[in-house]
Amino acid sequence: MAEYLIRNGFVFDPVSGVNGDRKDIAVKDGKIVESVSPSAKVFDAAGKTVMAGAVEIHAHIAGPKVNEGRNYRPEDKLFNAASGVGGMRTTGGFSIPTTFKTGYNYAKMGYTTAIEAAMPPLYARHVHEEIRDTPIIDEGALPVFGNNWFVLEYLKNRELENTAAYISWLLRASKGYGVKVVNPGGTEAWGWGLNCLTVNDPVPYFDITPAQIVRGLIEANEYLGLPHSMHIHANNLGNPGNYTTTLDTFRLAEGFKANNRFGREQTMHHTHVQFHSYGGDTWGNFESKSDEIIDYVNTHPNLTIDTGNVTLDETTTMTADGPFEHHLTELNHLKWANVDVELETAAGIVPYVYSPDIKVCAIQWAIGLELGLLAKDPMRCFITTDHPNAGPFTRYPRIIKWLMSKEAREERLNTFKHAEKVIGATLLHGIDREITFYELAQMTRAGPAKALGLKDVYGGLAPGMEADIAVYDINPESPFTPDQLEEAFSAAALVIKTGLPVVENGVVINNGNKRTLWVDAKVNENPQVMRDVEEKFLKYYSVTLNNYEVQGHHYIPNPYAIQVDATQ
Amino acid sequence: METVTLTIKKAPTLYLEAEIISPDGLAGKTADQIRALPVHMGNEEFTLGEFFDLAGAPGATAEETKVVVTGDLSRVKYLGMKMSGGEMVIESDADMYVGAWMSGGTLTAKGNVDSFAGIGMKGGLLEINGNAGNYTGSAYRGDWRGMQGGKIHVKGNVRSDTGYFMNGGEIVIDGDADVHVGTHAEGGKIVIKGNAKSRLGGQMVEGTIILLGTVDVMMPGFKYVRDEEVDVDGKNMLMSLYVGDLGERHRKRKGEPIYGKLYIRKAAPAAAESREVRLARAREARKARFASPEETASA
Ligand SMILES: [Zn+2]
């Protein structure tokens with residue numbers, strides 16, 4: 001296989017502790033190596049910034065709800081469809097791009113790995129068909145467990161081993177990567193027209209609380225020793241005053257120890273924390289509580305978070321938090337899609353316009369940035385937009401600009417229609433910190449890779465790691481404007497994915513060789529769980545087991561299975 | 001104002017997409033530049049010059065440009081799309097999306113136009129001398145932001161879904177309208193001088209519909225409020241005001257809900273009669289269907 005040498009760039013790699021030194025990065029056979037032969041192809045990166053390929057820890061980019069978003073929002077493609085050039089495919093869509101555009105756009109920004117954040121197991125085949133059709137980036141998907149009838153029953157009866165065996169079975173059946181929890185218990189309650197807004201609200205019929213579900217799933221996750229921690233979207237998302245529910249949720253992870261062979265240290269990943277950091281008790285006195293939230297995060301190393309930055313765009317919200325989407329359509333009166341996924345989960349979709357002229361939207365924007373700026377450990381706070389919920393992932397370069405430039409975010413803050421009120425309800429104006437290139441590499445590369453249990457594979461430039469590399473046309477040692485920063489991160493000068501150049505001068509040049517990540521967790525034989533699975537399929541499911549499992553090469557032509565052994 | 005005339009010389013085998021033909025698209029360009037502009041057919045790109053002969057010249061800006069398009073344009077789409085100023089005349093029938101998303105200027109279509117004329121319109125005047133198709137002055141598929149401003153005047157009839165998700169501006173139809181007028185409207189005004197069919201103002205939240213002719217079937221979500229004099233083309237007409245759609249949410253002003261307004265011209269005798277005649281005919285037909293052979297014989 002080919003050899004490459006990326007010569008003389010300013011390298012930022014937290015994994016090997018390199019902070020802006022001028023260095024060469026050598027690539028051979030898809031991996032980073034110490035050195036290459038003189039015949040290696042050379043890329044001149046002088047005056048440019050070099051980082052590992054970025055890792056997306058939480059985005060909704062494949063599967064039935066993303067596709068229903070595309071389906072019921074043809075206007076999202078209005079005036080932005082483009083026909084394919086060369087080996088590239090036709091693309092379209094802004095907040096819910098086509099699978100091809102999703103792959104191309106991530107690659108253009110230097111992202112090389114992404115996690116689909118909510119896979120309904122019953123529709124796992126659909127998720128994997130879309131993942132297969134998303135070029136270039138390696139992807140995994142997190143099946144949702146927090147409202148699953150098996151889990152609710154096992155946890156109610158305190159059956160840890162059965163919970164773990166079921167998780168192991170479902171990860172294999174759905175080719176999933178880890179344990180996702182969305183509004184624990186609340187989405188099941190939504191089937192009864194109810195919700196769980198605190199960690200102690202009982203789930204109807206099952207008579208279990210969100211707290212029991214979360215603690216039970218953390219315990220099962222660590223029992224199995226999965227690469228990623230339990231990954232949660234807590235109860236009470238999006239409501240004024242919800243920060244107390246978030247703190248209650250954080251506390252549920254106390255007392256657990258991370259148990260895995262992947263170097264992961266946290267036992268809870270809390271996603272899109274921006275949506276969970278709200279004070280006040282009405283939209284009128286709505287305010288930021290990011291300080292209280294981040295104080296807890298800063299002092300509790302068992303926790304990682306991602307931000308969920310509002311980008312101030314028109315977008316499409318979609319979540320397995322069914323009751324929240326109903327709440328949202330009652331607020332903005334825009335079209336609502338809703339589905340119940342049998343024994344497993346639900347989902348809702350509503351378009352949303354985050355307008356800079358609306359006070360609440362501007363406060364949400366500030367909160368997302370505050371979280372990134374107040375987090376003391378960039379290895380535990382990652383940049384996301386909860387794509388497409390708080391905005392499309394294609395706005396990462398803009399968020400980077402706001403995080404790295406006080407000037408840029410002050411300009412935005414001071415030109416809001418209700419600037420004064422927004423400043424009064426947030427902390428952002430008083431924060432001077434500017435994220436450095438090194439910290440950015442922690443927040444977007446090394447950090448999320450480690451939280452996913454992939455620290456030896458992705459997110460770094462140490463020899464032996466995957467040759468996923470992004471080169472940006474920005475010189476960290478000469479002056480640049482905030483907009484130049486955004487431009488540079490929007491279209492990488494060079495992206496190499498698994499040793500193959502896929503982007504050059506901001507243009508996608510190769511469809512790559514994408515892989516699907518999943519976790520094969522072995523447990524001791526568990527006849528009871530297998531009997532329960534068979535019985536529930538006979539009794540309740542609308543499909544048979546044979547039509548449920550995601551089998552081999554059709555759905556996953558290029559698998560990257562991570563082995564976990566929990567048989568001891 | 002300078003005039004540039006485009007005459008179609010070759011019938012497109014499929015449909016030609018020519019959104020570039022507008023005062024904005026042609027202004028400030030030389031004849032050679034205009035001939036080289038892109039048009040699309042199927043998945044292929046062609047030049048404007050391959051399909052059109054060119055005479056005259058455009059002005060420097062859209063405002064100073066008049067575009068005249070002639071010949072058989074029945075297979076040409078997007079004429080005058082997004083025009084922001086100046087003048088454009090389509091001398092014959094045209095296909096879909098005439099004047100779509102236009103924001104200014106005057107666009108006159110002398111023949112019939114197909115569906116989606118003036119969708120997403122923000123300003124200007126779109127005049128259609130013939131009939132218009134479905135979704136005239138509506139929102140793009142899926143969008144909730146339909147016509148925002150400007151005026152559409154259709155001298156003939158319109159097919160279904162006129163003013164779907166209308167938010168502002170005015171649509172005047174001299175002839176008849178097919179089903180679904182002003183569906184989901186949240187503003188704007190639609191005047192139908194001929195007759196309407198059914199689902200007039202269905203799911204309307206705000207806005208006004210004025211009907212001078214008859215309506216086949218009224219929406220159940222509208223209730224009669226009172227009679228009012230309404231000014232139509234400078235003439236005061238006595239109309240019945242209905243408000244609705246009662247099944248929708250309505251914002252309130254000073255505690256009172258704001259409804260969509262549907263004015264129907266009061267007691268047009270011909271209309272009343274035709275409705276009576278129709279109902280009588282329906283009753284007869286129903287009777288005949290259920291009548292026994294003996295009764296038929298004895299009758
Ligand atoms: Zn999410």
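Since the model is a prediction, treat every value here as computed from it, not as a measurement. Numbered from 1 within each chain, the chains take letters A, B, ... in sequence-line order.
Using modelled atom types, no side-chain atom of Lys335(A) and backbone atom of Trp144(B) make a donor-acceptor pair closer than 3.5 Å.
The number of heavy atoms from other shown groups lying within 6.0 Å of NZ (Lys29(B)) is above 12. Arg253(B) CZ: 12 or fewer foreign heavy atoms inside a 6.0 Å radius. Residue Lys77(A) qualifies as enclosed at atom NZ: its count of foreign heavy atoms under 6.0 Å is above 12. Applying the 6.0 Å contact sphere to NZ of Lys421(A) captures no more than 12 heavy atoms from other residues, nucleotides or ligands. For CZ of Arg75(B), the number of neighbouring non-hydrogen atoms (other residues, nucleotides, ligands) closer than 6.0 Å is greater than 12. Around atom NZ of Lys359(A), more than 12 heavy atoms belonging to other residues, nucleotides or ligands sit under 6.0 Å away.
Here Glu19(B) contributes atom CD and Phe79(A) contributes atom CZ; the two are 9.0 Å apart, rounded to the nearest 0.5 Å. The CD1 atom of Ile119(B) lies 7.5 Å from the CG atom of Leu78(A); values are rounded to the nearest 0.5 Å. In this structure, CD in Glu45(B) is found 8.5 Å from OG in Ser83(A), a value given to the nearest 0.5 Å.
Residues Pro74(A) and Tyr140(B) share a closest heavy-atom pair of O-CE2, 3.8 Å.
For chain A, the nearby parts of Arg141(B) are the backbone and the side chain; heavy atoms of each come within less than 4.5 Å. Contact of Glu330(A) with chain B is not made at all, since no heavy-atom distance falls under 4.5 Å.
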